[in-house]
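Okay, structure first, notes after.
Just so it is clear, the values below take in all heavy atoms, side chains as well, and ignore hydrogens, waters and symmetry mates. Numbered from 1 within each chain, the chains take letters A, B, ... in sequence-line order.
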Amino acid sequence: MTRLQEEVKRFLEIYSNQKGIEQQPFPPIQVQIPPADMPGHFTLVLFPLLPKLKAKPDELGKDLANHLMHVGLPIDTWEVVKGFLNLRLTTLFWMEQLDAMWQDSTVSKAPAQEGPTVIMEFPSPNTNKPLHLGHLRNIFLGTSLARILEASGYRVVHTNLYNDRGTNISKSMAAWLNSSDRLTPESSGMKGDHLVGHYYVQFAEALKQQISEAKAAGLDEDQASKMVPLAKQVEELTLAWEANDADVRQVWETMNSWFYQGAEQTFARLGVYFDRVYKESEVYDLGRQTVSRGLEMGVFYEKPDGSVWINLEDIGLDHKLVLRSNGTTVYMTQDLALAYQKLADFGQASFFDEVGNEQDYHFKVLFEILRRLGLAQPEGLYHLSYGMVELPSGKMKSREGTVVDADDLLEELKEMARAKADEQGRLNHLPRTEQERVWESIGQSALRYFMLRVDPKKRMVFNPEESIDFQGDTGPFIQYIHARCASLLRNAEGMQFHPAAVKTLDYVPDEMELNIIRKMQEFPTAIHQAAKEYSPSIIAHFVYELASAYSAFYHGHPVLAESQQNARQFRLSLTRAVQLHLNRALHLLGMEAVQQM
RNA sequence: GGUCCCGUAGUAGAAUGGAUACUACGUAAGUCUCCGGAACUUAAGAUACAGGUUCGAUUCCUGUCGGGACCA
């Protein structure tokens, strides 16, 4: 519809000249899709122009419509209603659109290999416990956004940062060292990341016990949590790690390797991959170099005690510490070092970090420092801040075991999909491995769609019993419509029917059929908007509306059973186009479309 | 003390400052001689409160109340 916009602009020039109004920047004309019960296909909002042009809406609308028709836009009818110019386009135009969709690159799957580079980083887990529901939201958002950005012409590099050192992993280590069994994945039969998490929880329980004993002995909360033997042990382990103690490093390496094995298994199940994996332990030392560079540039300053700071008062923040007086780095320092490392690895690029909104403040500071160090342009930095996932009982806490484990949940969803599929019995003829794939896809669709249809920054409450639905505005519904289309097209093949070029058909589609074409025609716009706003939910809404429109059409319109040949041809073509669009949109949401379910 | 995010039917969500606020679940009533009923049709039900800007405010601004996060 760029043509429409150009012609509107040209009209405004002519019109204002005629009226003797000086050329002035007009507000860009808004082209919108009118509400469903309005007659037009597109609507132009005239209000903003009226004062400047000193015109009445009816006259302006009439002149504009006449101009557009005069220059040959495919306008069938038009009318002005309350300052909106509604345009109805010709049937031929829509038929041509449908034919053009086959060639459209947005429907084909090849992502661009060129274009500006975006370095995405997610989900950046700690290595002391397995992935949970919050990581799943992170991963679903990240995978989907990566695909949406690729579809919009970016080259996306996937990176992940393992927070593999520090207090938390020391806790798991302490519990393992103190345990009598010292289990391994082999001896316990547990998935590695779950085993590490098991010790983490064990530590938390033991620590709690010691603290309450200490409190009973008269210490206050603060003292107790520092003085207790386990707390000291963790501190010692962390120091020993930093001092490169061989024994501690050995245990650390081993337990982390268990974690990686487990986490990688989950990533594989979710179809996540990384072009480059970073570890906090590896960028740890780089931090200090970063600090000295910042000092040379005058971005940081040193206090008499040797600690290094940055003054951010001029942007309404305070002074932030970047290096402690004892020379150890802080979280911020490591993120700065990581930025240097990424630039060295990938060259000039945008940073796109996906981290929960509890770290909004941290990222605000981090990005400001990166700018001052000249590492990035403001527009090249983006923090996708997403809301926490909570349970009806409140915030999830791994320490207390009140988390929804990612692996458990995925398994549960697959089981739900299996139960439903068994009830239908349509997959029975497939080999077991194929059935499993379908169950997995449907189960994941349910969860991915549930999380992606929501604005990323909103906090969400996940109720394990009630949240996942397979009916209505859900992933399985979209999959269902897709599978139906696929099934129809399979049957058509058996009957020797084929989709055809529709513009040559002697057939006039009805409103429902036209609506489906109109919907599909919005797809490229939806992708661009989703990329611009970093919001997969736009794709989710698009795909639901398309599926829903097709479903309504399907009930009243025979396709293969249609006796009139032109109608049949048209509907088959329409079905094929819908199937492609659903498939492509599901892909952008990180889902795999199934052929039957 | 400071900063940030969020308040839309019973529930979960949608709406670049645009038309009568759009869906789904649930509830109620219907549809099936037919290509996949995980479907379709219909009904009831909501913008926290008070101001302001605007031709027009769920959206922007100010304040109040409520929920959440972070910094010190």
Report all interatomic pairs (protein N or O, nucleotide N or O of nucleotides 16-18 of chain B) with separations under 3.5 Å.
unit_1 : atom_1 : unit_2  : atom_2 : d
B:U16  : O4     : A:Gln30 : OE1    : 2.0
B:U16  : O4     : A:Gln32 : NE2    : 2.5

Practice problem: Could you name each residue pair satisfying salt bridge (Lys or Arg N to Asp or Glu O under 4.0 Å) that touches residues 524-546 of chain A, not counting sequence neighbours? | Solution: A:Lys519-A:Glu545

Exercise. Flag yes if more than 12 heavy atoms outside A:Glu415 fall under 6.0 Å of its CD atom; otherwise flag no.
Key: yes

Exercise. Within residues 33-41 of chain A, find the residues that approach RNA chain B with a heavy atom at under 4.0 Å, and present them sorted by residue number.
Key: A:Pro34, A:Pro35, A:Asp37, A:Met38

Quiz item: For B:G36, does either OP1 or OP2 sit under 4.0 Å from a side-chain N or O belonging to A:Asn491?
Solution: yes

Quiz item: Quick one: does A:Asp58's side chain have a donor or acceptor within less than 3.5 Å of a partner on A:Val80's backbone?
Solution: no

Practice problem: Return the value, rounded to whole Å, for the distance between atom CG of A:Leu49 and atom P of B:G56. | Solution: 17 Å

Practice problem: Tell me, with the steps shown, if A:Tyr550 and A:Thr575 meet side chain to side chain donor-acceptor pair (under 3.5 Å). | Solution: CA-CA 8 Å; A:Tyr550 183 82; A:Thr575 300; 2.9 Å; yes

Exercise. Select base, sugar-phosphate, or nothing to describe what A:Gln596 touches, counting heavy atoms under 4.0 Å on all strands.
Key: base

Quiz prompt | Nucleotide B:A14, atom P - distance to OH of A:Tyr449 in whole Å | solution = 11 Å

Practice problem: With P as the reference atom in both, quote the distance from B:G68 to B:G18 in angstrom, rounded to an integer. | Solution: 32 Å

Every protein N/O within reach of nucleotides 69-72 of chain B N/O, cut-off under 3.5 Å:
unit_1 : atom_1 : unit_2   : atom_2 : d
B:C71  : O2'    : A:Tyr361 : OH     : 3.4

Practice problem: Check RNA chain B against residues 477-484 of chain A and give the residues with a non-hydrogen atom under 4.0 Å, in numerical order. | Solution: A:Phe477, A:Tyr480, A:Ala483, A:Arg484

Quiz item: Mind checking the C1' distance from B:A57 to B:U53? Whole angstroms is fine.
Solution: 10 Å

Quiz item: Heavy atoms under 4.0 Å, any strand shown: does A:Lys420 hit a base, just sugar-phosphate, or nothing?
Solution: base

Quiz item: How many Å lie between CD1 on A:Ile315 and P on B:C4, as a whole number?
Solution: 12 Å

Exercise. Quick one: label A:Ser551 by what it contacts on the DNA or RNA (base, sugar-phosphate, nothing), any heavy atom closer than 4.0 Å.
Key: sugar-phosphate

Quiz item: If we take the P atom in both B:C61 and B:U16, what is their distance in whole Å?
Solution: 16 Å

Quiz item: Donor-acceptor pair, A:Asp220 side chain versus A:Gln223 backbone, under 3.5 Å?
Solution: yes

Quiz item: With sequence neighbours left out, which residue pairs that include part of residues 420-429 of chain A fulfil the salt bridge (Lys or Arg N to Asp or Glu O under 4.0 Å) condition?
Solution: A:Arg418-A:Asp422, A:Lys420-A:Glu423

Quiz item: Got a donor-acceptor contact below 3.5 angstrom from the A:Asn138 side chain to the A:Glu354 backbone?
Solution: yes

Using a cutoff of under 3.5 Å, can you pull out all pairs of nitrogen or oxygen atoms linking the protein to nucleotides 24-31 of chain B, with atom names and distances?
unit_1 : atom_1 : unit_2   : atom_2 : d
B:A24  : O2'    : A:Asp473 : N      : 3.2

Quiz prompt | Rounded C1' spacing from B:A15 to B:A24 in Å | solution = 15 Å

Quiz prompt | A:Arg571 side-chain N/O to A:Pro558 backbone N/O, donor-acceptor pair under 3.5 Å | solution = yes

Quiz item: Short question: side chain of A:Tyr449, backbone of A:Ala540 - any donor-acceptor pair under 3.5 Å?
Solution: yes

Quiz item: Does A:Glu592 have any salt bridge (Lys or Arg N to Asp or Glu O under 4.0 Å) partners at least two apart in sequence or in another chain, and if so, which?
Solution: A:Arg437

Self-check item: Salt bridge flag under 4.0 Å for residues A:Glu6 and A:Arg3
Solution: no

Quiz item: Going by an N to O cut-off under 4.0 Å, is there a salt bridge joining A:Arg372 and A:Asp314?
Solution: yes

Quiz item: Are A:Lys82 and B:U20 close enough that a side-chain N or O sits under 4.0 Å from OP1 or OP2?
Solution: yes

Self-check item: Donor-acceptor side-chain pairing of A:Arg432 and A:Gln435 below 3.5 angstrom
Solution: no

Quiz item: Dot-bracket, RNA chain B: Watson-Crick or G-U, under 3.5 angstrom, [ ] crossing, | other strand?
Solution: (((((((..((((....[...)))).(((((.......)))))....(((((..]....)))))))))))).

Self-check item: Between P of B:A14 and CD1 of A:Ile538, the distance in whole Å
Solution: 11 Å

Quiz item: Where the side chain of A:Lys458 is concerned, which of B:C35, B:A19, B:C6 is the nearest nucleotide?
Solution: B:C6

Practice problem: May I ask you to establish whether A:Arg453 and A:Tyr544 are in a cation-pi arrangement, using a distance under 6.0 Å from NZ or CZ to the six-membered ring centre and at most 45° from the ring axis? | Solution: no

Quiz item: If you look at every strand shown and take non-hydrogen atoms under 4.0 Å, does A:Asp455 touch a base, only sugar-phosphate, or nothing?
Solution: sugar-phosphate

Exercise. Just jot down the ring pair (Phe, Tyr, Trp, His ring centres under 6.0 Å) partners of A:Phe140, sequence neighbours excluded, or say none.
Key: none

Quiz item: Using atom P of each nucleotide, how far apart are B:U27 and B:G63 to the nearest Å?
Solution: 44 Å

Quiz item: Which residues pass the ring pair (Phe, Tyr, Trp, His ring centres under 6.0 Å) test with A:Phe542, sequence neighbours left out?
Solution: A:Phe523

Practice problem: Compute the ring centroids of A:Phe47 and A:Phe84, then answer whether they are less than 6.0 Å apart. | Solution: yes

Quiz item: With rounding to whole Å, what would you report as the distance between B:C35 and B:G30 at their C1' atoms?
Solution: 24 Å

Quiz item: Using the C1' atom in both, what is the distance from B:A9 to B:U58, to the nearest Å?
Solution: 14 Å

Quiz item: Relative to each other, are the rings of A:Phe363 and A:His383 parallel, tilted or perpendicular (30° and 60° limits)?
Solution: parallel

Exercise. Would you mind reading off the distance between A:His429 atom NE2 and B:G36 atom C1', rounded to a whole angstrom?
Key: 13 Å

Practice problem: Apply ring pair (Phe, Tyr, Trp, His ring centres under 6.0 Å) to A:His319 and list each qualifying residue two or more places apart in sequence or on a separate chain. | Solution: A:Tyr301

Self-check item: Nearest non-hydrogen partners of A:Ser445 and A:Ser441, listed with the distance
Solution: OG-O, 2.6 Å

Quiz prompt | Residue met sooner reading RNA chain B from 5', once A:Tyr554 and A:Arg459 are mapped to nucleotides | solution = A:Tyr554

Quiz item: Are A:Phe462 and A:Phe450 near enough that their ring centres are under 6.0 Å apart?
Solution: yes

Quiz item: What distance, rounded to whole Å, do you find between the two C1' atoms, one in B:A48 and one in B:C6?
Solution: 12 Å

Self-check item: Sugar-phosphate only, base, or nothing, as touched by A:Thr43 at under 4.0 Å among non-hydrogen atoms
Solution: base

Quiz item: Less than 3.5 Å between a donor and an acceptor, one on the side chain of A:Ser537 and one on the base of B:A14, is that the case here?
Solution: no

